[in-house]
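Dumping the structure here so I can ask a few things about it.
When reading the values below, keep in mind they use all heavy atoms of this one structure, side chains included, and skip hydrogens, waters and symmetry mates.
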Amino acid sequence: MKSILVTGGAGFIGSHLVRHWTERYPDTHLVNLDKLTYAGNLENLKDVETLPNYTFVKGDIVDEKLVDELFDRYRFEGVIHLAAESHVDRSITNPLAFIQTNILGTATLLNAARRAWNGNSDNKLFYHVSTDEVYGSLGKEGLFTETTRYDPRSPYSASKASSDHLVRAYFHTYGLPVVISNCSNNYGGFQFPEKLIPLVINNIRHHKPLPVYGKGENVRDWLYVGDHVAAIDLIFHKGQKGETYNVGGHNEKQNIELVKLLCRIVDKKLGRKEGEAESLITYVQDRAGHDLRYAIDSDKLVRTLGWKPSVTFEEGMEKTVDWYLSNEAWLNNVTSGDYQRYYDRQYGNR
Ligand code: NAD
Ligand code: DAU
């Protein structure tokens, strides 16, 4: 059986990817290496944990010995690298954790792949999942393309930019077969409620203030997580080695517009009075160095590989709100920290 290493599979996007891949490719063995930081949650993967083509390994991508051992044991033909510190606000308070995981961790994986594949790139691929934030901040006009100059402005985006450069350096210097995708803000179920959408839904549930940074005028381009996973699948199988693909939803929204939309949907679904949630909106101090606008041009992916999003923004938002409202136990476990005990219950001291 062909084996693929997925890193960060217990996180938000990673868990959607693991579920998709194990179901769609039963003849591929997926090994999920995840450190289970606060953002990693094995409850996200309950439905796949007993599948014969899935193995979970708790560990750090910076741990060279472990990563080398895994390459030797499973003879991976592919890597899909998602593990990262991913929250911009945390990168502002603790940048070193981002440098450690996002830069050193990526370098450790690249080195292990280079050693194991030893110049033989037949049927091998190192797929690096990156972000549109590496391109910096747009003004009111324009879109990020694959050739937009890098201009990262937060410790998070600088660490991701650095990892992208390392991936390309391994392609040019050592001929390592790589591909990179840079995508916009994902949304959907299983996202840790420190990120805007699940945070707002959860706070509305509890009648808590909805914190909007600055004036709420910053713009993000929202992409349904299932459509991102479909893009990764397509790029993994059909993308050109050494290339970069941008993935975006073509759904630009100002934060305040998005928060108000969530307020309307959640009020309606909870049978509350119109305007009840909106009254919770609270403008708070802006994020330091807050990028004004991100917007992706996905034309290359659409034109060359035929990708297209499967849900509209409205459908995706409905699905997302429904998911959080019908998975209250998940939200309660995550916000109370209970999910971190799941590993011990499930795996003991392993
Ligand atoms: P997430 O924070 O939800 O999950 C990250 C996962 O990585 C967690 O399971 C965590 O335990 C694991 N991890 C962290 N440090 C690790 C380490 N040192 N070793 C092993 N595992 C470790 O992140 P996400 O939102 O799912 O993002 C996944 C990837 O996609 C990241 O690389 C991120 O930069 C990128 N990305 C995310 C978005 C988005 O909107 N969420 C958009 C563009 C790109
Ligand atoms: O663009 C892709 C990036 O999207 C990914 O690379 C990151 O991993 C992911 O976290 C996300 O980054 P953002 O900073 O855009 O996402 P976040 O959900 O933190 O914030 C979205 C917007 O909402 C941003 O402009 C900041 C604002 N915000 C966020 C929070 C948490 C608020 O106004 N209030 C909040 O409480």
Practice problem: Test Y213 against D89 for side chain to side chain donor-acceptor pair (under 3.5 Å), laying out the working first. | Solution: CA-CA 11 Å; Y213 296 165; D89 293 327; 2.7 Å; yes
Exercise. Indicate whether any N or O donor in one side chain lies under 3.5 Å from an N or O acceptor in the other, for R168 and T244.
Key: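 Yes, because at least one side-chain N or O of R168 sits under 3.5 Å from a partner of the opposite role on T244.
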Quiz item: Does the side chain of D164 reach to within under 4.5 Å of the side chain of S130, using non-hydrogen atoms?
Solution: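 In contact.
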Practice problem: Using modelled atom types only, decide if a donor and an acceptor are shared between the side chain of R287 and the backbone of G214 within a distance under 3.5 Å. | Solution: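 Side chain of R287 to backbone of G214: no pair is present.
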Quiz item: N53 and T28: side chain to side chain contact (heavy atoms under 4.5 Å, CB included), yes or no, with the steps?
Solution: CA-CA 6 Å; N53 62 334; T28 298; 5.7 Å; no
Self-check item: Pairs satisfying ring-ring contact (aromatic ring centres under 6.0 Å, His included), at least one member in residues 145-169, at least two apart
Solution: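 Checked against ring-ring contact (aromatic ring centres under 6.0 Å, His included) - neighbours excluded - the pairs reaching residues 145-169 are Y135-Y150, Y150-H165.
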Exercise. Measure from NZ or CZ of R220 to the centre of the six-membered ring of Y294, then state whether that distance is under 6.0 Å and the direction lies within 45° of the axis.
Key: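 Yes; both conditions hold, so R220 lies above the ring face of Y294.
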Quiz item: Please walk me through it: do H87 and Y38 pass ring pair (Phe, Tyr, Trp, His ring centres under 6.0 Å)?
Solution: CA-CA 11 Å; H87 191 41; Y38 76 94; 8.1 Å; no
Quiz item: Where does the angle between the aromatic ring planes of Y127 and F236 fall among parallel (under 30°), tilted (30 to 60°) and perpendicular (over 60°)?
Solution: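 Y127 vs F236 ring planes: parallel.
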Quiz item: Would D27 and K2 count as a salt bridge (charged side-chain N to carboxylate O under 4.0 Å, His left out) if you check the C-alpha gap in whole Å, the side-chain angles of each, and the deciding distance to 0.1 Å?
Solution: CA-CA 7 Å; D27 294 336; K2 164 179 170 177; over 6 Å; no
Side-chain donor-acceptor pairs of residues 93-107 under 3.5 Å, sequence neighbours excluded:
residue: T93; atom: OG1; partner: R90; partner atom: O; Å: 3.1
residue: N102; atom: OD1; partner: E85; partner atom: N; Å: 2.9
residue: N102; atom: ND2; partner: E85; partner atom: O; Å: 3.0
residue: N102; atom: ND2; partner: S159; partner atom: OG; Å: 3.0
residue: T106; atom: OG1; partner: H81; partner atom: NE2; Å: 2.9
residue: T106; atom: OG1; partner: N102; partner atom: O; Å: 2.6

Quiz item: Are the ring centres of Y224 and H228 closer than 6.0 Å?
Solution: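 Not close enough - the centres of the two rings lie 6.0 Å or further apart.
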Quiz item: Does R293 come within less than 4.0 Å of E252, counting only side-chain N to carboxylate O?
Solution: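 Yes, charged N to carboxylate O under 4.0 Å.
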Practice problem: List the steps and the verdict of salt bridge (charged side-chain N to carboxylate O under 4.0 Å, His left out) for D267 and K273. | Solution: CA-CA 7 Å; D267 271 349; K273 273 204 321 281; over 6 Å; no
Quiz prompt | Sub-4.5 Å side-chain heavy-atom contact between T55 and N32 | solution =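 No; the side chains remain at least 4.5 Å from each other.
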Quiz item: Tell me, do K268 and E274 make a side-chain contact under 4.5 Å, heavy atoms counted?
Solution: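 Side chain of K268 against side chain of E274, heavy atoms only: no contact under 4.5 Å found.
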Quiz item: Between D132 and K160, is there a salt bridge with N-O shorter than 4.0 Å?
Solution: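 Looking at K160 and D132, the cut-off is not met.
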Exercise. For R272, look at atom CZ and say whether over 12 heavy atoms of other residues, nucleotides or ligands are found less than 6.0 Å away.
Key: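 Above 12, so yes.
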Quiz prompt | Full working for salt bridge (charged side-chain N to carboxylate O under 4.0 Å, His left out) between E315 and K319 | solution = CA-CA 6 Å; E315 288 164 352; K319 271 161 103 119; over 6 Å; no
Practice problem: Check whether any side-chain heavy atom of H128 lies under 4.5 Å from a side-chain heavy atom of L166, and answer yes or no. | Solution: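 No, their side chains stay 4.5 Å or more apart.
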Quiz item: Is there side-chain contact between L30 and Y25, with heavy atoms separated by less than 4.5 Å?
Solution: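 Side-chain contact under 4.5 Å: no.
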Quiz item: Are the side chain of S157 and the backbone N or O of S154 linked by a donor-acceptor pair below 3.5 Å?
Solution: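 Indeed, once roles are kept as given, a pair shorter than 3.5 Å links the two residues.
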Quiz item: Are the side chain of N185 and the backbone of W222 linked by a donor-acceptor contact shorter than 3.5 Å?
Solution: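 It does not hold such a pair.
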Quiz item: So, K300 versus T145: side-chain donor-acceptor pair below 3.5 Å or not?
Solution: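 No, no side-chain donor-acceptor pair sits under 3.5 Å.
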Quiz item: Does the ring center of W307 lie less than 6.0 Å from the ring center of Y245?
Solution: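 No, too far apart.
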Practice problem: Please answer whether the main-chain N or O of P177 pairs with a side-chain N or O of S121 as donor and acceptor at a distance below 3.5 Å. | Solution: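 Absent.
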Self-check item: Donor-acceptor contact present, side-chain N182 to main-chain N246, <3.5 Å
Solution: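 Flag not set: sc N182 to bb N246 has no pair under 3.5 Å.
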Quiz item: Okay, side chain of D34, backbone of K58: is any donor-acceptor separation there less than 3.5 Å?
Solution: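 No.
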Quiz item: Taking Y324 for the side chain and Q191 for the main chain, is one N or O donor matched with an acceptor at less than 3.5 Å?
Solution: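 Answer holds: yes.
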Exercise. Measure the acute angle between the ring planes of F71 and W117, then classify it against the limits of 30° and 60° as parallel, tilted or perpendicular.
Key: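 Perpendicular, since the angle between the ring planes exceeds 60°.
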Quiz item: Do we get K215 above Y283's six-membered ring, with its NZ or CZ under 6.0 Å from the centre and within 45° of the axis?
Solution: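 No, K215 does not lie over the aromatic ring of Y283.
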Quiz item: Got a donor-acceptor contact below 3.5 angstrom from the K253 side chain to the V259 backbone?
Solution: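 Flag not set: sc K253 to bb V259 has no pair under 3.5 Å.
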Quiz item: Any side-chain heavy atom of R153 sitting closer than 4.5 Å to one from D151?
Solution: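 Yes - at least one pair of side-chain heavy atoms lies under 4.5 Å apart.
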Quiz item: Hey, are D233 and H20 close enough side-chain-wise for a donor-acceptor pair under 3.5 Å?
Solution: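 There is such a pair between these side chains.
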Quiz item: Does the side chain of N255 reach to within under 4.5 Å of the side chain of H290, using non-hydrogen atoms?
Solution: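 Touching, per the 4.5 Å side-chain cut-off.
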Quiz item: Considering only heavy atoms from C-beta outward, does the side chain of V219 approach that of L292 to under 4.5 Å?
Solution: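 A side-chain contact is absent here, since even the closest heavy-atom pair is not under 4.5 Å.
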Practice problem: Quick one: sort the F12 and H16 rings into parallel, tilted or perpendicular, breaks at 30° and 60°. | Solution: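 Because their plane-to-plane angle is over 60°, the rings of F12 and H16 count as perpendicular.
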Quiz item: When you look at CD of E64, are more than 12 heavy atoms from neighbouring residues, nucleotides or ligands closer to it than 6.0 Å?
Solution: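 No, because the 6.0 Å sphere around CD of E64 holds 12 heavy atoms or fewer from other groups.
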